[in-house]
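Shown next, in C-alpha coordinates, is the structure this report addresses.
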Amino acid sequence: METQLLGDSLQQLEKAAELIKNGEVVGIPTETVYGLGADASNEEAVRKIFAAKGRPADNPLIVHLADFSDAEKYTTRIPALARRLAEKFCPGPFTIILPKNDKIPHVTSGGLDTVGIRIPAHPVMRRIIELSGCPIAAPSANTSGLPSPTTAAHVMDDMKGKIAAVVDGGQSEFGVESTVIAIENENTVRILRPGCVTREDMLEVCGNVIIDHAILNELGKDEKAASPGMKYKHYSPKADVVLIDSDIEQFTAYVGRYNGDKVYSLIFDGDKEGFPYNCLAYGADSLQQAHNVFSALRQLDEMGAEKVFVRAPSTDGVGLAVYNRLIRSAGFEVIRI
Ligand code: TXA
Ligand code: MG
(Lines give C-alpha, C1' and ligand atoms only; values in the text may rest on other atoms or scores of the structure.)
(Ligands and ions follow the chains in the order given, each with its own letter.)
Protein backbone atom coordinates (compact mmCIF):
# COMPACT_ATOMS: atom_id res chain seq x y z
CA MET A 1 0.00 0.00 0.00
CA GLU A 2 1.18 3.52 -0.67
CA THR A 3 1.61 5.60 2.50
CA GLN A 4 0.68 9.24 1.95
CA LEU A 5 2.55 11.93 3.85
CA LEU A 6 0.03 14.59 4.91
CA GLY A 7 0.66 18.08 6.26
CA ASP A 8 -1.31 19.84 8.98
CA SER A 9 -3.58 22.06 6.83
CA LEU A 10 -7.30 21.70 7.51
CA GLN A 11 -7.79 19.99 4.15
CA GLN A 12 -5.11 17.40 4.90
CA LEU A 13 -6.46 16.78 8.41
CA GLU A 14 -9.91 16.24 6.89
CA LYS A 15 -8.33 13.63 4.66
CA ALA A 16 -6.69 11.92 7.66
CA ALA A 17 -10.00 11.97 9.57
CA GLU A 18 -11.81 10.52 6.54
CA LEU A 19 -9.31 7.65 6.32
CA ILE A 20 -9.84 6.89 10.03
CA LYS A 21 -13.63 7.00 9.64
CA ASN A 22 -13.27 4.54 6.76
CA GLY A 23 -11.38 2.01 8.88
CA GLU A 24 -7.81 2.85 7.85
CA VAL A 25 -4.75 3.36 10.06
CA VAL A 26 -3.02 6.76 10.10
CA GLY A 27 0.24 7.86 11.78
CA ILE A 28 -0.69 10.84 13.95
CA PRO A 29 1.32 13.36 15.99
CA THR A 30 0.83 13.78 19.73
CA GLU A 31 2.69 15.79 22.35
CA THR A 32 4.29 12.55 23.72
CA VAL A 33 5.21 10.41 20.71
CA TYR A 34 3.57 9.66 17.34
CA GLY A 35 0.68 7.20 17.41
CA LEU A 36 -0.88 4.74 14.95
CA GLY A 37 -4.50 5.82 15.02
CA ALA A 38 -7.66 3.97 14.02
CA ASP A 39 -11.34 3.97 15.05
CA ALA A 40 -11.26 2.27 18.47
CA SER A 41 -14.80 0.94 18.00
CA ASN A 42 -14.03 -0.74 14.65
CA GLU A 43 -12.51 -4.20 15.24
CA GLU A 44 -11.31 -4.58 11.69
CA ALA A 45 -9.51 -1.24 11.80
CA VAL A 46 -7.93 -2.01 15.18
CA ARG A 47 -6.66 -5.36 13.87
CA LYS A 48 -4.80 -3.42 11.17
CA ILE A 49 -2.91 -1.53 13.91
CA PHE A 50 -1.77 -4.79 15.54
CA ALA A 51 -0.71 -6.15 12.14
CA ALA A 52 1.24 -3.03 11.12
CA LYS A 53 3.18 -2.98 14.41
CA GLY A 54 3.58 -6.74 14.79
CA ARG A 55 2.09 -6.24 18.27
CA PRO A 56 1.00 -9.15 20.50
CA ALA A 57 -2.82 -9.30 20.61
CA ASP A 58 -2.93 -9.20 24.43
CA ASN A 59 -1.26 -5.77 24.65
CA PRO A 60 -4.13 -3.23 24.96
CA LEU A 61 -4.40 0.07 23.11
CA ILE A 62 -5.02 3.48 24.67
CA VAL A 63 -8.19 5.26 23.48
CA HIS A 64 -7.84 8.98 22.70
CA LEU A 65 -10.79 11.34 23.18
CA ALA A 66 -11.26 15.09 22.71
CA ASP A 67 -12.54 15.74 26.22
CA PHE A 68 -12.58 13.78 29.48
CA SER A 69 -16.37 14.17 29.65
CA ASP A 70 -16.51 11.81 26.61
CA ALA A 71 -15.03 9.04 28.80
CA GLU A 72 -18.59 8.46 30.12
CA LYS A 73 -19.49 7.00 26.71
CA TYR A 74 -16.89 4.22 26.87
CA THR A 75 -16.63 3.30 30.56
CA THR A 76 -18.92 1.90 33.24
CA ARG A 77 -17.63 3.83 36.25
CA ILE A 78 -15.42 6.87 36.79
CA PRO A 79 -14.12 7.13 40.38
CA ALA A 80 -13.99 10.60 41.95
CA LEU A 81 -10.18 10.42 42.10
CA ALA A 82 -10.06 9.81 38.33
CA ARG A 83 -12.12 12.97 37.82
CA ARG A 84 -9.82 15.00 40.07
CA LEU A 85 -6.75 13.75 38.21
CA ALA A 86 -8.35 14.41 34.83
CA GLU A 87 -9.21 17.94 35.86
CA LYS A 88 -5.58 18.61 36.64
CA PHE A 89 -3.72 16.62 33.96
CA CYS A 90 -6.06 16.45 30.92
CA PRO A 91 -5.51 17.31 28.17
CA GLY A 92 -1.92 16.14 28.46
CA PRO A 93 0.54 13.26 28.64
CA PHE A 94 -1.65 11.24 30.99
CA THR A 95 -3.64 7.98 30.66
CA ILE A 96 -6.17 6.64 33.18
CA ILE A 97 -7.20 2.98 33.19
CA LEU A 98 -10.98 2.65 33.70
CA PRO A 99 -13.53 -0.19 33.44
CA LYS A 100 -14.68 -0.28 29.81
CA ASN A 101 -18.18 -0.76 28.40
CA ASP A 102 -19.07 -2.71 25.25
CA LYS A 103 -18.50 0.24 22.89
CA ILE A 104 -14.82 -0.66 23.23
CA PRO A 105 -14.29 -4.11 21.67
CA HIS A 106 -11.99 -6.64 23.34
CA VAL A 107 -9.66 -6.45 20.33
CA THR A 108 -8.89 -2.86 21.38
CA SER A 109 -8.48 -3.66 25.08
CA GLY A 110 -6.30 -6.73 24.48
CA GLY A 111 -8.99 -8.91 26.03
CA LEU A 112 -9.14 -6.87 29.27
CA ASP A 113 -12.29 -5.37 30.78
CA THR A 114 -10.54 -2.03 31.23
CA VAL A 115 -9.52 0.72 28.83
CA GLY A 116 -6.81 3.38 28.99
CA ILE A 117 -8.32 6.82 28.31
CA ARG A 118 -6.11 9.70 27.19
CA ILE A 119 -7.01 13.27 26.20
CA PRO A 120 -4.12 14.46 24.05
CA ALA A 121 -3.10 18.13 24.00
CA HIS A 122 -1.47 18.29 20.56
CA PRO A 123 -3.67 20.60 18.44
CA VAL A 124 -3.29 18.48 15.29
CA MET A 125 -4.27 15.29 17.11
CA ARG A 126 -7.21 17.07 18.77
CA ARG A 127 -8.40 18.30 15.39
CA ILE A 128 -8.22 14.82 13.90
CA ILE A 129 -10.30 13.41 16.79
CA GLU A 130 -12.92 16.14 16.35
CA LEU A 131 -13.08 15.84 12.55
CA SER A 132 -13.34 12.04 12.61
CA GLY A 133 -15.88 11.93 15.44
CA CYS A 134 -14.24 8.62 16.47
CA PRO A 135 -12.63 7.46 19.69
CA ILE A 136 -9.09 6.90 18.40
CA ALA A 137 -7.12 3.84 19.49
CA ALA A 138 -3.42 4.61 19.16
CA PRO A 139 -0.32 2.82 20.34
CA SER A 140 3.08 4.39 19.69
CA ALA A 141 3.74 4.27 15.93
CA ASN A 142 6.91 2.16 16.04
CA THR A 143 7.32 -1.45 14.95
CA SER A 144 6.84 -3.47 18.15
CA GLY A 145 10.08 -3.59 20.15
CA LEU A 146 11.75 -0.57 18.48
CA PRO A 147 12.16 2.92 20.00
CA SER A 148 8.99 5.05 19.82
CA PRO A 149 8.82 7.63 17.01
CA THR A 150 8.98 11.35 17.77
CA THR A 151 8.89 12.62 14.17
CA ALA A 152 6.84 11.82 11.05
CA ALA A 153 10.08 10.60 9.43
CA HIS A 154 10.54 7.99 12.18
CA VAL A 155 6.98 6.77 11.54
CA MET A 156 7.69 6.53 7.79
CA ASP A 157 10.87 4.55 8.54
CA ASP A 158 8.85 1.90 10.39
CA MET A 159 5.44 2.05 8.67
CA LYS A 160 5.97 2.94 5.00
CA GLY A 161 3.85 0.61 2.89
CA LYS A 162 1.94 -0.70 5.90
CA ILE A 163 -0.53 2.10 6.70
CA ALA A 164 -2.62 4.56 4.68
CA ALA A 165 -1.00 7.85 5.74
CA VAL A 166 1.19 9.75 8.19
CA VAL A 167 0.33 13.28 9.34
CA ASP A 168 3.36 15.47 9.98
CA GLY A 169 2.69 17.59 13.07
CA GLY A 170 6.31 18.42 13.87
CA GLN A 171 8.55 16.93 16.52
CA SER A 172 6.81 15.56 19.65
CA GLU A 173 7.24 17.90 22.61
CA PHE A 174 7.75 15.46 25.50
CA GLY A 175 9.42 12.59 23.63
CA VAL A 176 8.34 9.76 25.97
CA GLU A 177 4.88 8.22 26.14
CA SER A 178 2.14 9.27 28.57
CA THR A 179 2.09 8.40 32.25
CA VAL A 180 -0.27 5.41 32.61
CA ILE A 181 -2.07 5.07 35.94
CA ALA A 182 -4.67 2.85 37.59
CA ILE A 183 -6.92 3.95 40.46
CA GLU A 184 -6.04 1.72 43.42
CA ASN A 185 -8.59 3.16 45.89
CA GLU A 186 -10.25 6.52 46.58
CA ASN A 187 -6.98 8.11 47.61
CA THR A 188 -4.30 6.00 45.90
CA VAL A 189 -2.91 5.87 42.38
CA ARG A 190 -0.63 3.18 40.93
CA ILE A 191 1.78 4.26 38.20
CA LEU A 192 1.97 1.52 35.55
CA ARG A 193 4.21 3.48 33.20
CA PRO A 194 6.04 6.68 34.24
CA GLY A 195 5.88 9.73 31.99
CA CYS A 196 6.01 13.51 32.16
CA VAL A 197 3.19 13.74 34.70
CA THR A 198 5.24 12.61 37.70
CA ARG A 199 4.56 11.00 41.06
CA GLU A 200 5.27 14.39 42.67
CA ASP A 201 2.71 16.08 40.39
CA MET A 202 0.04 13.54 41.35
CA LEU A 203 0.73 13.86 45.07
CA GLU A 204 -0.81 17.32 44.77
CA VAL A 205 -4.16 15.64 44.01
CA CYS A 206 -4.09 12.41 46.03
CA GLY A 207 -2.59 11.08 49.23
CA ASN A 208 -0.64 8.15 47.92
CA VAL A 209 1.11 7.26 44.65
CA ILE A 210 2.53 3.74 44.24
CA ILE A 211 5.26 3.13 41.68
CA ASP A 212 4.59 -0.34 40.30
CA HIS A 213 7.43 -2.79 40.92
CA ALA A 214 7.74 -3.57 37.18
CA ILE A 215 8.75 0.01 36.34
CA LEU A 216 12.33 -0.56 37.42
CA ASN A 217 12.47 -4.34 37.77
CA GLU A 218 12.27 -7.21 35.33
CA LEU A 219 9.18 -9.35 35.90
CA GLY A 220 9.82 -12.97 36.85
CA LYS A 221 8.50 -15.69 34.52
CA ASP A 222 5.42 -16.34 36.68
CA GLU A 223 4.74 -12.78 37.81
CA LYS A 224 1.56 -11.18 36.50
CA ALA A 225 1.98 -7.76 34.86
CA ALA A 226 -0.37 -5.00 36.05
CA SER A 227 0.01 -3.66 32.53
CA PRO A 228 0.62 -6.13 29.68
CA GLY A 229 3.17 -3.81 28.03
CA MET A 230 5.55 -4.46 30.94
CA LYS A 231 6.09 -8.06 29.81
CA TYR A 232 7.58 -7.27 26.45
CA LYS A 233 11.05 -6.22 25.36
CA HIS A 234 10.85 -2.60 24.34
CA TYR A 235 12.44 0.44 22.83
CA SER A 236 15.50 -1.45 21.57
CA PRO A 237 17.63 -0.22 18.72
CA LYS A 238 19.59 -2.79 16.69
CA ALA A 239 22.63 -2.12 18.84
CA ASP A 240 23.19 -3.91 22.13
CA VAL A 241 22.46 -1.36 24.90
CA VAL A 242 24.07 -1.38 28.36
CA LEU A 243 23.04 1.10 31.05
CA ILE A 244 25.81 2.34 33.34
CA ASP A 245 24.85 3.99 36.60
CA SER A 246 27.94 5.95 37.69
CA ASP A 247 29.64 9.32 37.56
CA ILE A 248 31.30 10.36 34.29
CA GLU A 249 34.83 9.47 35.44
CA GLN A 250 33.92 5.86 36.22
CA PHE A 251 31.76 5.72 33.10
CA THR A 252 34.68 6.82 30.90
CA ALA A 253 37.04 4.32 32.51
CA TYR A 254 34.54 1.47 32.02
CA VAL A 255 33.77 2.29 28.39
CA GLY A 256 37.49 2.63 27.62
CA ARG A 257 37.87 -1.11 28.07
CA TYR A 258 35.49 -1.77 25.17
CA ASN A 259 36.46 1.10 22.89
CA GLY A 260 36.09 0.40 19.14
CA ASP A 261 34.64 1.68 15.85
CA LYS A 262 31.10 0.48 16.44
CA VAL A 263 31.01 1.27 20.14
CA TYR A 264 29.18 4.44 21.16
CA SER A 265 28.33 6.20 24.39
CA LEU A 266 25.11 8.07 25.08
CA ILE A 267 26.01 10.68 27.69
CA PHE A 268 24.75 13.96 29.18
CA ASP A 269 25.42 17.30 27.50
CA GLY A 270 27.78 18.37 30.27
CA ASP A 271 29.89 15.18 29.86
CA LYS A 272 30.93 15.84 26.28
CA GLU A 273 33.91 18.07 26.78
CA GLY A 274 37.06 15.95 26.69
CA PHE A 275 35.13 12.67 26.37
CA PRO A 276 37.62 10.59 24.36
CA TYR A 277 35.34 8.06 22.59
CA ASN A 278 32.47 7.99 20.02
CA CYS A 279 29.52 9.60 21.66
CA LEU A 280 26.17 11.33 21.38
CA ALA A 281 24.65 13.52 24.10
CA TYR A 282 20.97 13.22 24.99
CA GLY A 283 20.38 16.36 27.04
CA ALA A 284 21.40 18.16 30.19
CA ASP A 285 18.35 17.54 32.38
CA SER A 286 15.48 15.03 32.63
CA LEU A 287 13.05 16.96 30.42
CA GLN A 288 15.62 17.31 27.65
CA GLN A 289 16.63 13.67 28.05
CA ALA A 290 12.99 12.59 27.71
CA HIS A 291 12.66 14.76 24.61
CA ASN A 292 15.75 13.23 22.98
CA VAL A 293 16.09 9.66 24.22
CA PHE A 294 14.18 7.80 21.49
CA SER A 295 15.53 9.85 18.60
CA ALA A 296 19.07 9.34 19.97
CA LEU A 297 18.57 5.55 20.02
CA ARG A 298 17.34 5.66 16.41
CA GLN A 299 20.26 7.89 15.43
CA LEU A 300 22.78 5.47 16.94
CA ASP A 301 21.43 2.73 14.67
CA GLU A 302 21.89 5.00 11.66
CA MET A 303 25.47 5.66 12.76
CA GLY A 304 26.11 1.90 12.70
CA ALA A 305 26.52 1.43 16.45
CA GLU A 306 26.69 -2.21 17.53
CA LYS A 307 27.22 -1.57 21.22
CA VAL A 308 25.91 1.45 23.12
CA PHE A 309 26.83 2.38 26.67
CA VAL A 310 24.27 4.76 28.14
CA ARG A 311 24.97 6.95 31.14
CA ALA A 312 21.94 6.30 33.38
CA PRO A 313 19.78 9.33 34.09
CA SER A 314 18.49 10.38 37.51
CA THR A 315 15.30 8.60 38.59
CA ASP A 316 13.84 11.80 40.11
CA GLY A 317 10.78 13.46 38.57
CA VAL A 318 10.59 12.98 34.80
CA GLY A 319 13.92 11.10 35.04
CA LEU A 320 12.02 7.99 36.17
CA ALA A 321 10.34 7.84 32.74
CA VAL A 322 13.67 8.14 30.95
CA TYR A 323 15.28 5.52 33.19
CA ASN A 324 12.31 3.16 32.65
CA ARG A 325 12.65 3.36 28.83
CA LEU A 326 16.42 2.93 28.92
CA ILE A 327 16.43 -0.02 31.32
CA ARG A 328 14.00 -1.78 28.96
CA SER A 329 16.03 -0.94 25.87
CA ALA A 330 19.00 -2.47 27.72
CA GLY A 331 17.00 -5.64 28.48
CA PHE A 332 17.62 -4.80 32.18
CA GLU A 333 21.41 -4.98 31.76
CA VAL A 334 22.57 -2.35 34.27
CA ILE A 335 26.09 -1.86 35.59
CA ARG A 336 26.29 0.04 38.86
CA ILE A 337 29.72 1.44 39.68
O1 TXA B 1 1.73 8.74 24.95
C2 TXA B 1 1.16 7.69 24.71
O3 TXA B 1 0.54 7.05 25.59
C4 TXA B 1 1.21 7.15 23.28
C5 TXA B 1 0.50 8.16 22.38
C6 TXA B 1 0.37 7.70 20.97
O7 TXA B 1 -0.74 8.48 22.95
N8 TXA B 1 0.64 5.85 23.19
C9 TXA B 1 1.27 4.75 23.68
O10 TXA B 1 0.60 3.56 23.48
O11 TXA B 1 2.35 4.79 24.24
P12 TXA B 1 1.32 2.14 23.60
O13 TXA B 1 0.30 1.17 23.16
O14 TXA B 1 2.60 2.14 22.87
O15 TXA B 1 1.54 1.95 25.14
C16 TXA B 1 0.42 1.81 26.00
C17 TXA B 1 0.81 1.10 27.25
C18 TXA B 1 1.14 -0.36 27.00
O19 TXA B 1 2.24 -0.71 27.81
C20 TXA B 1 -0.12 -1.07 27.46
O21 TXA B 1 0.14 -2.36 27.95
C22 TXA B 1 -0.63 -0.15 28.56
O23 TXA B 1 -0.29 1.15 28.16
N24 TXA B 1 -2.11 -0.22 28.65
C25 TXA B 1 -3.02 0.16 27.73
N26 TXA B 1 -4.27 -0.13 28.12
C27 TXA B 1 -4.15 -0.74 29.33
C28 TXA B 1 -5.08 -1.32 30.25
N29 TXA B 1 -6.38 -1.33 29.99
N30 TXA B 1 -4.59 -1.86 31.39
C31 TXA B 1 -3.27 -1.86 31.65
N32 TXA B 1 -2.33 -1.33 30.83
C33 TXA B 1 -2.76 -0.80 29.67
MG1 MG C 1 4.58 1.66 22.64
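Each ligand, and each atom within it, is numbered from 1 in the order the structure gives.
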Distance filter < 2.8 Å from the Mg ion (ligand 2), protein N/O/S hits 1
Does any N or O in the side chain of K48 come within less than 3.5 Å of the main-chain N or O of G23, such that one atom is a donor and the other an acceptor? yes
Going by distance alone, is a donor N or O of one side chain under 3.5 Å from an acceptor N or O of the other, for R55 and T143? no
Salt bridge (charged side-chain N to carboxylate O under 4.0 Å, His left out) with E72: of R83, K103, R77, only one passes, and it is R83
When you compare the side chain of L300 with that of P237, does any pair of heavy atoms fall below 4.5 Å? no
Counterpart residues, ring pair (Phe, Tyr, Trp, His ring centres under 6.0 Å), relative to Y258 (two or more places apart): Y254, F309
Check each N or O atom of ligand 1 against all protein N or O atoms and list the pairs under 3.5 Å, with atom names and distances to 0.1 Å, one per line.
{"residue": "ligand 1", "atom": "1 (O)", "partner": "T32", "partner atom": "OG1", "Å": "2.6"}
{"residue": "ligand 1", "atom": "1 (O)", "partner": "S178", "partner atom": "N", "Å": "2.7"}
{"residue": "ligand 1", "atom": "1 (O)", "partner": "S178", "partner atom": "OG", "Å": "3.4"}
{"residue": "ligand 1", "atom": "3 (O)", "partner": "S178", "partner atom": "N", "Å": "3.4"}
{"residue": "ligand 1", "atom": "3 (O)", "partner": "S178", "partner atom": "OG", "Å": "2.6"}
{"residue": "ligand 1", "atom": "3 (O)", "partner": "R193", "partner atom": "NH2", "Å": "2.9"}
{"residue": "ligand 1", "atom": "7 (O)", "partner": "H64", "partner atom": "NE2", "Å": "2.7"}
{"residue": "ligand 1", "atom": "7 (O)", "partner": "R118", "partner atom": "NE", "Å": "2.9"}
{"residue": "ligand 1", "atom": "7 (O)", "partner": "R118", "partner atom": "NH2", "Å": "3.2"}
{"residue": "ligand 1", "atom": "10 (O)", "partner": "S140", "partner atom": "N", "Å": "3.4"}
{"residue": "ligand 1", "atom": "11 (O)", "partner": "R193", "partner atom": "NH1", "Å": "3.0"}
{"residue": "ligand 1", "atom": "11 (O)", "partner": "R193", "partner atom": "NH2", "Å": "3.2"}
{"residue": "ligand 1", "atom": "13 (O)", "partner": "R55", "partner atom": "NH1", "Å": "3.1"}
{"residue": "ligand 1", "atom": "13 (O)", "partner": "R55", "partner atom": "NH2", "Å": "2.8"}
{"residue": "ligand 1", "atom": "14 (O)", "partner": "S140", "partner atom": "N", "Å": "3.1"}
{"residue": "ligand 1", "atom": "14 (O)", "partner": "S140", "partner atom": "OG", "Å": "2.9"}
{"residue": "ligand 1", "atom": "15 (O)", "partner": "R193", "partner atom": "NH1", "Å": "3.0"}
{"residue": "ligand 1", "atom": "21 (O)", "partner": "N59", "partner atom": "OD1", "Å": "2.6"}
{"residue": "ligand 1", "atom": "21 (O)", "partner": "S227", "partner atom": "OG", "Å": "3.3"}
{"residue": "ligand 1", "atom": "21 (O)", "partner": "G229", "partner atom": "N", "Å": "2.8"}
{"residue": "ligand 1", "atom": "29 (N)", "partner": "T114", "partner atom": "OG1", "Å": "3.0"}
{"residue": "ligand 1", "atom": "32 (N)", "partner": "S227", "partner atom": "OG", "Å": "2.9"}

When you check the gap from the basic side-chain N to the acidic O, do R118 and E31 get nearer than 4.0 Å? yes
Does the distance from a Lys or Arg side-chain N to an Asp or Glu carboxylate O, for D158 and R298, drop under 4.0 Å? yes
Members other than L287 in its cluster, when Ile, Leu, Val, Met, Phe, Trp, Tyr link by side-chain heavy atoms under 4.5 Å? V318
In plain terms, say whether R127 and D8 are close enough for a salt bridge, that is, a side-chain N and a carboxylate O under 4.0 Å apart. no
